[in-house]
Structures are given as C-alpha cells and as structure tokens.
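Structure, as structure tokens:
Because the structure is a prediction, the values reported are computed rather than measured.
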Amino acid sequence: MSLVGARVIRKEDPNLITGRGVFVDDLDLPGTVFATFVRSTEAHAEITSIDTADAKAAPGVLGVYTFDDFAELARVPGLPPELAPLHRPVLANGTVKFVGEPVAVVVATDRYKAADAAELVAVDYSPLPVLASIDASLAAMADPDGPRIHPLLQTNALPILPAPEAPSEEFVNAPRHASLRIKNNRCSAVAIETFAVVADWRPEGLVVWASYQAPHHLRNQLCGFFGIDASECRVIVPDVGGGFGSKINFYVELFLAPELSRRLRRPVKFALTRSEAMVHMHHGRAQINEVEVGFDDEGIVHALRVHTMQDIGGWPDHTGLGLGVLTSAMAGGCYRIPSVQAWLTDVITNTTPIAAYRGAGRPEAAFLIERTMDLVADETGIDPAEVRRRNFIQPDQFPWVTPANPDLAVYDSGDYPAGLAELLRILDYDALLALQATRNADESQPLMGIGLSCWTEIAGFGPPGSLEGFGHVGSWESANLRIQPDGSVLVSVGLAPHGQGTYTTMAQIAADELGIDIDRIVVRSSDTETVQQGIGTMGSRGVAVCGEAVRNAAIEVRRRAAAIAAHQLEANPDDLEVVDGEFRVKGTSTKSTPWRDVALASYQNLQLPEGTDAGTLDHTVFQTVPNFSFPSGAYGCVIGIDRETGAPSIERYVCVDDCGTVINPLLAEGQVHGGVSQGIAQALFEEVTYDENGQPTATTLVDYLVPSAADLPDFEMGRVVTLTPVNSLGAKGIGESGAVGAPPAVVNAVVDALSAFGVRHLDMPVTPEKIWNAMSAQGTGV
Ligand code: MCN
C-alpha cells in the first residue's frame, strides 16, 4: 500500500504531547547568563543620554551595554548595499525609530535580575516628529523639508516597483470602472513560543541555539557578521513552537548573544516575554492597496491597476522589502485579466518592522482581487459565483503567464472552475441563497451573508533565484538518505520544521520509494553540524522541493541497493522488486534477500559487487525545481450578524483546496485548519494598532485578540487534485494556503450581509463595532 496519500499519524507527536519537547528556553547550559533589552518608549526621538550606573551596580549584573560598546560591530545583514542608511545597528545609535527598539542590553545571572536592572537604566529622549502610518509618512514626503525617518536616505518611500507611465489601453477602453482602497491590517504571528536564542562562544567556536526557520542561513550570516569560518560555527534549532514566517528574520539578539558570550565567556540567553514579542518580533501584512478595475456589463474584467503601499516599519527587514512584489505579481488571482498593472511603494514608518507572516504578500493579493470580484458583481448585479466563473483562467490555459509579473509568476496548473463547483456543491449554494433571502427579510433573525474566495498563491519556493535575493546561498533544498547497517534509514533534510509534521511526511515519501517500513525511517534536521547544507522552512517549499529531494535520494539508494541484491541473488537488477521488506526476483517468492542483508552487505567490501564501495547506500541530493507551484482553492463563508450588536458569527466555513498530490491528508487538512484560523483571525479579530504618537495600543493578548477554538467554526473540507508538472510527486505546497484564502471569504460574507445598508467595503478586522457603525450610518442599524 502506498503511504503517500495515507493519513499517517505524526511521528513528532509522542515527544511533544508527553512534555519531552526541548525548546531553546529549556536549555540550561552551565553558567548561562540572561540578557534583556532596555527598549525605547518613544516612536521617534533622539537619545540625549543613557545612564547605566545604577543598573551596573544592581545585584547579579554582569554588564550593561549601549551602542557605543558595539560601535565596531557590523550592521544587521540582509539589506542591499544601496540601502546602506537602512542597515540596522544592533542597538539604537543616537535615535530611536519605533517603540520597543532596543536601546541598551543588560546581562545578569538570572532573567529576573536582568529585568530589574533594565528598569534602572535611565534614558532621556528628545522627541522627533512621529510618522506612525503609511499615510502620515507619505504626507511628510509632500513637504521637501518634512520629517524623514532616516535622514541619510532623504525619503520615507522606496519605489520598489515603479508606477506605469499611463493606464493600459485595456483599462482606458473598459466600458465601466470602479475602485477600492483597502487597508490590509497589521498582524502579529503570535507563535506559541516567542523568540529565544542561546549563544555559547567556546574556545573551539561558536554554538548558537535559536528558535529559527533556517539554521544554515543563520550560520552563514553569523559567519559573515563575525568573520569566522562556517566550520567554527554551529547553529542548532531544537523544537520550535511555531514560526509562521516570523522566525526567518534577523533579530538583533541573534548577533548580540554571540557577541556578549564572546565578551563574558559564558553562554548568553535571550528569551522574549509575550509583551516584548508583540513589539519586537516583526509584524506582517500592513499594506494599503489602491485598486482600480475596468470591466463590462457582463462582469468580464478587462484590466486591473493596483498600487500597493507596504509599511516596512522603522528598520526595514530584508524579508519585508519584497512582500509587495509578491502581492503585485499575484494581484490578478485566478482570472484571465488581459492587463494587470501593479506597482509598489515601500513606506518607512515609526513602527515595528514588517516582514514575512504566513502567506507573505500573497494573502494581500488574494484579498484585493477577491474583494474586487465582489465589487464587480455588486456593480453589475451578477451573482459573485458567476462573475468568478466568467473570468477564470481555464484548465487548458496553463502555463499561465501573469501579465503583472511574467518573470516571477507563471502559473503551473490548476482547475479553478472545478474548485468553485465543488465549493458550491458542498455549500448547496442555491438552497443557501434561498435561505438568505428568507432570513434577511425576517427582522427576528440575524442577517445572513455568503462570501466566496477563489484564490491561488505562490508556493514551493525552489526555482534558482527565488531565495538568493533574501540572502540565501541558493533556492534548492537538500536531503541525505542513509541506509544503516541494520537496514533502518536515516534521512537528514535541510528544512527546519516547526509544526508542519515534516518528519512524518518525508518518511512517507522515503518509505514508498524504498519499500522499507516507515517505523524504521527516522528523519532529522536543523543542526548545521550534522545536517548537510540546507536552506530552511519557508514559502511552503517543504514537500514540493525537499520532498522531491527525498524521493530522488530514495530512488537512487534503492537503485544501488538493487545492484547489491542482484549480486547476492545472481540476478539482473532490473528483474528485482521490493515486496514486504525484501528484494525478490519478479514472479518468484523463493529467490529473495531482505533489505537488512543488503544493508549489511553495503558496508562489507567482500560482499559487494566489483567496483562498488562500502557505504554506497548513502546519497545526498540538492534539489531545485523549474518553477514555483501555485496551489489554489475555493473557500466559502456563511456569516450571521446580530442586528442589534453587529456581532458577526461564522455559521459555516467550507474549504476546497487543490495542492496537487496530497502526501498526508491528515496533516494537509491540519495545515488548512491552522491557516484558515489565522485568516479568520485577521478578518475578524486581530490588529496591531498604534496611536498617532506611534505608541502601540495592542501589546498584550488582552488587546490583540487571538481567537480560541470556541471562536472558530467547524471546517468543512473538500478537495480538487490538479497535479503540478514541476516535481515528480505532482505536489504543491499547502502550508500557507489557508491564511491566503480565508480572509476575503469572511469579509465578502460580511459585506454581502450588509449590502442592504449600502456597504461596499469594510477594512479588516471587521469588528462588531465597525459593523454596527456601518449599519447605523444608514440609520437602520438598530
Ligand atoms: N502536505 C501534504 N501534501 C502536500 C503539501 C503539504 O500532505 N501536497 C502537508 C505535509 O504534511 C507537509 C505540510 O503539509 O509537512 C506542509 O507542507 P508545505 O506546504 O510543503 O509547507 P512547508 O513544509 O514548507 O512549511 C512551511 C509553511 C509556512 S511557509 C508557514 S508560514 C507555516 C506553515 O508551513 N508555518 C507554520 N505551517 C505551519 N504549521 C505550524 N504548525 N506552525 C507554523 O509556524
């Protein structure tokens, strides 16, 4: 029986559910000392003085450091040289750019002493004008003498993708036009584990344990930063309690912990509290999308124009700069829109940096195009499902070269009409529309709205060039597969999983190719000393790139094993098959040799065919893929709205996903549950907010509303399978899909429910207050 496609339970779980997981903050190396930051309380200010005397004299304190102590250190890596003024120092140098920016660091014998001493550091600030939003920052640009957050850069706005000189002919000639200004809300990843790092600079070299998604990448950057050899630097990522993209960024403590360890000759640990993480770990989303659409009376979209303004915060992160490039490339969604003009301005603001967060630029694209399709439906009076159907790229039109960015996004495969048809079938759409008409006419019942979202996204980051721009050495992913002398298997992957079930998934793929029991296959990762080079877990590339590497490594090892078995059986390797853990001559059951004997022989020169070396059943693959894979889906949301309070409640949520071959439906569905939950959270609950002085106003989980299971519906799952031609598994990524596809279905449902009130759009999060105000504005809300 093939294991690919089976609902195999996770190999990872016994450790985790019995409390045997080891996270960075669990590490307790002898002599470890604790570091904590003194953080800026101002969003934009000059530091006029820092007095560390009292803190230095506090009990247990080993050192208090400010920028001057690290003036010789390099800047945080990642940004291109032409953006030199934005290269961030490890501690604030003279000015602060956002609330929470580290100004000083205190090291003490325990974390409580460090925290107490940090409060004794007195920092004086002289305020500078605060630009706490995209609009404020761009408004300042209108004045040549207006405030600039990085004066050396002389601008608050980076034109990453320049605006087209003029609207396209298709746009100009379209019979009808409509527009939408969307604010895509700033979110925090809120992984269960915040961020933690331990560095131990030993005489023989540097060892760093970090809660991170790309250990080799970090190792390479640390070596560049400190000028040391890769062989002298080891990065280990133990268990990680979620990352969602927020753990591929370069946080300053990744560089400070080693430096402090080098100076103090002791292991140094940083472990953020939740409140610290809320202002320090990079946020996601935070875009404004100005959308104009040209269409006709039949609901056919002729042209789309999208200006994305991406808030990148006060100290731009390398992953944050390019988020809007992905939004722009994917702005046309699942639709054959002849002309898509999409351009991008990155905007510096006095806020926490913005970077990758589950979906990283693609949820924003899905949101803007799916809101736009509903806008076209609203304008033309055509049903939203029908508008989508009329505009879909058809299954025979792949590969589809996106007009917005033909160099980046060429869709591999998909069947969008089938996805929508399956969604409508599960929803029982016609019956639902009839129910909606009845309910909305009955004042005693909650208002009802139906929202659709047909989305596609970029996954499987693996084509050469796709990650190098973010400082990775390559975009491949690696797998080493080794048969041990007893016939068990060790697979080492260059990924750094943090919740995806990667070990189970890779073992399934290897088991199928090798014909070895999955219980005899162990998968390891996340240690630069024991794993060959790797890239890491991001961009939903685990299965599409690393899974392909594992498969190819297994195929090669099996081919070599067959040669040994053939030697033992005096048969032709091509005549062998693997059945029940043994190599057999096809068609016979007597001429066989078990994997175990083949494995042992592979380490015994006297047992090997001539010309074969011991250790031959050990193979490493560095896998690239020719293109990204573009998963897609159709999601539907039925929402009820309390007519008196405006409180929304999701009554049904249906997810039809297409990720090509599903390796493990149990885990793939889990990925969708998690992603959709985050998408619903963005749509209804979560927002990182600032006041006009740049003071964050949602820094705890009391203000930043992460939904619990009780706030979420049961998910109804459906599936369409369109294989991708870009890998031999036919598998596309699914790790980010839910977060990409979920928000527009929710907001479309809310706007649909409120259409009688003349509501055309609401920005996320669609809170009861916003809904109530929208209803009240029409005078009929209560
Ligand atoms: N899968 C499958 N069949 C496919 C594709 C995937 O069965 N065709 C299943 C596999 O079990 C696989 C998992 O889905 O292990 C995710 O695979 P993939 O889509 O290839 O994504 P990655 O392994 O590259 O994971 C990265 C992705 C990203 S980018 C974010 S962000 C994210 C996510 O995964 N963050 C997560 N899922 C997360 N899940 C948890 N629990 N925690 C996070 O931080």
Side-chain angles (χ1 to χ4, degrees), residues 25 31-76 87-128 130 194-201 225-226 250-273 275-281 314-315 350 352-353 694-696 699:
D25 201 14
T32 299
V33 292
F34 294 81
T36 198
F37 289 122
V38 177
R39 296 175 181 281
S40 172
T41 53
E42 299 293 317
H44 197 195
E46 220 174 287
I47 302 171
T48 48
S49 71
I50 307 179
D51 182 351
T52 58
D54 288 352
K56 279 181 174 153
V61 169
L62 288 103
V64 182
Y65 306 85
T66 63
F67 172 79
D68 291 342
D69 298 301
F70 301 120
E72 301 302 312
L73 274 191
R75 301 286 165 126
V76 174
H87 292 196
R88 182 175 176 177
V90 289
L91 290 173
N93 173 18
T95 59
V96 288
K97 315 284 188 198
F98 66 94
V99 172
E101 181 177 353
V103 170
V105 60
V106 177
V107 186
T109 47
D110 73 42
R111 68 185 77 202
Y112 307 102
K113 291 193 175 94
D116 287 346
E119 297 205 348
L120 301 176
V121 175
V123 187
D124 281 334
Y125 299 99
S126 166
L128 293 165
V130 175
T194 61
F195 185 67
V197 56
V198 172
D200 188 9
W201 203 311
F225 188 90
F226 290 109
F250 294 140
Y251 297 111
V252 290
E253 50 269 58
L254 288 168
F255 305 94
L256 276 173
E259 179 61 19
L260 290 167
S261 175
R262 175 157 72 174
R263 291 186 188 197
L264 295 167
R265 297 196 176 88
R266 299 174 75 161
V268 173
K269 181 189 280 188
F270 282 91
L272 299 190
T273 64
S275 310
E276 285 182 293
M278 292 300 287
V279 294
H280 180 88
M281 292 187 73
W315 280 112
N350 291 120
T352 297
Q695 291 295 330
T699 58

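- Rounded to the nearest 0.5 angstrom, N93 CG and D68 CG are separated by 7.5 Å.
- Nearest heavy atoms, T41 versus V99: O-CG2, 3.8 Å.
- Remark: E46 CD to T95 OG1 distance equals 7.5 Å, nearest 0.5 Å.
- Judged by distance alone, the side chain of K269 and the main-chain N or O of D25 form a donor-acceptor pair under 3.5 Å.
- Under the ring pair (Phe, Tyr, Trp, His ring centres under 6.0 Å) criterion, the residue pairs touching residues 46-67 are Y65-F70, with sequence neighbours excluded.
- Every residue two or more places apart in sequence or in another chain that forms a side chain to side chain contact (heavy atoms under 4.5 Å, CB included) with V96 is listed here: S40, E42, A45, I47, A92, E101, V103, Y125.
- A distance-only check finds a donor-acceptor pair linking the side chain of T48 to the backbone of D124 [under 3.5 Å].
- Ring geometry, W201 versus F226: the interplanar angle exceeds 60°, so the pair is classed perpendicular (tilted spans 30 to 60°).
- F98 is not listed as a side-chain neighbour of P696, based on a closest heavy-atom distance of 4.5 Å or more.
- Considering only heavy atoms from C-beta on, E253 comes within 4.5 Å of H280 through its side chain.
- The nearest pair of heavy atoms linking L120 to A58 is CD1-CB, 3.9 Å.
- Atom CG of L264 sits about 9.5 Å away from atom CD of E259, to the nearest 0.5 Å.
- Side-chain contact between F270 and V105 is present, with at least one heavy-atom pair separated by less than 4.5 Å.
- Considering OG1 of T52 and CG of D69, their distance stands at 8.0 Å, rounded to 0.5 Å.
- Panel note: side chain T352, backbone V279; a donor-acceptor pair is recorded below 3.5 Å.
- Rounded to the nearest 0.5 Å, atoms CZ (R266) and OG1 (T109) are 7.5 Å apart.
- Nearest approach of A55 to A117, heavy atoms of both residues: CB-O, 3.3 Å.
- Across all their heavy atoms, V38 and A118 have their closest contact at CG2-O, 3.7 Å.
- A pairwise comparison of heavy atoms in V106 and A114 identifies CG1-O, 3.9 Å as the closest pair.
- Using cut-offs of 30° and 60° on the angle between ring planes, the pair F250 and F255 is perpendicular.
- Taking each heavy atom of P353 and R88 in turn, the nearest pair found is CG-NH1, 4.0 Å.
- Note that CG of L73 is 7.0 Å distant from CG of L256, once rounded to the nearest 0.5 Å.
- Panel note: side chain T273, backbone E276; a donor-acceptor pair is recorded below 3.5 Å.
- When side chains are defined from C-beta on, W315 does not count as touching V252, because their heavy atoms never get closer than 4.5 Å.
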